[in-house]
Amino acid sequence: MGFAERLKGELEYKGMLVKELSGATGIPKKTLDNYLLSNGNIPSADNAVVIAQTLGVTVEYLITGRNIPGPIMPNHPMSPELRSIAAQVEPLAAKNRKTIEKIVTELAALCKNR
């Protein structure tokens, strides 16, 4: 997964349109559209910082896919996929969350053994 896919994922997770990101960042929509192409450009450092701040993630996450918890994203140092799962699990009763945790732990162990 590259920059374009991570940016798309963040936009989807936030329910944000490219034109809304453009308005919030001051980066032209056409430039953002180019970043969203799978073979598109990677933004300049300045643009990457503005995009990351607007989306509430780190520049490192957008560029490399690695999540480094820090002051810019203390409440969600996870990928959009994991945040989506967490959002669905969090409102469940504690007993049900524990059951899901056990299932995920067992599944992870099975996958490691393959």
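The figures here come from the full heavy-atom set of this structure, side chains too, leaving out hydrogens, waters and symmetry mates.
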Derivation of the side chain to side chain contact (heavy atoms under 4.5 Å, CB included) call for R6 and V57 | CA-CA 11 Å; R6 283 186 288 279; V57 297; over 6 Å; no
Please report the C-alpha distance between I27 and L21 in whole Å, then the side-chain angles of each, then the deciding distance to 0.1 Å, and finally whether the side chain to side chain contact (heavy atoms under 4.5 Å, CB included) criterion is met.
-> CA-CA 8 Å; I27 299 169; L21 181 61; over 6 Å; no
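Among all heavy-atom pairs drawn from Y35 and L7, the shortest one is CB-CD2, 4.1 Å. Taking all atoms of both residues into account, the shortest heavy-atom contact from L36 to K8 is O-CE, 3.0 Å. When all heavy atoms are compared, the tightest approach of A52 to T58 is CB-C, 3.8 Å.
Among residues two or more places apart in sequence or in another chain, the side-chain contact (heavy atoms from CB on, under 4.5 Å) test is passed with A48 by P43, V59.
E5 places a side-chain N or O within donor-acceptor distance of the main-chain N or O of G2, the cut-off being under 3.5 Å.
In this structure, N47 and L32 have side chains that are not in contact, with every pair of non-hydrogen atoms separated by 4.5 Å or more. Side-chain contact check for L17 versus L11: every heavy-atom pair is 4.5 Å or farther apart.
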Give the table of side-chain donor-acceptor pairs shorter than 3.5 Å for residues 99-111, with sequence neighbours excluded, one pair per line with atom names and distance.
from : atom 1 : to   : atom 2 : distance (Å)
T99  : OG1    : K95  : O      : 3.1
E101 : OE1    : K98  : NZ     : 3.3
T105 : OG1    : E101 : O      : 2.8

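I42 contributes atom CD1, which lies 10.0 Å from atom CG of L62 (distance to the nearest 0.5 angstrom). Taking NZ from K14 and CD from E20, the interatomic distance works out to 13.0 Å, rounded to the nearest 0.5 Å.
Counting only residues at least two apart or on different chains, no salt bridge (Lys or Arg N to Asp or Glu O under 4.0 Å) pair has a member in residues 34-54. Pairs engaging residues 23-34 under the side-chain hydrogen bond (donor to acceptor under 3.5 Å, both in side chains) rule: K29-D33 [sequence neighbours left out].
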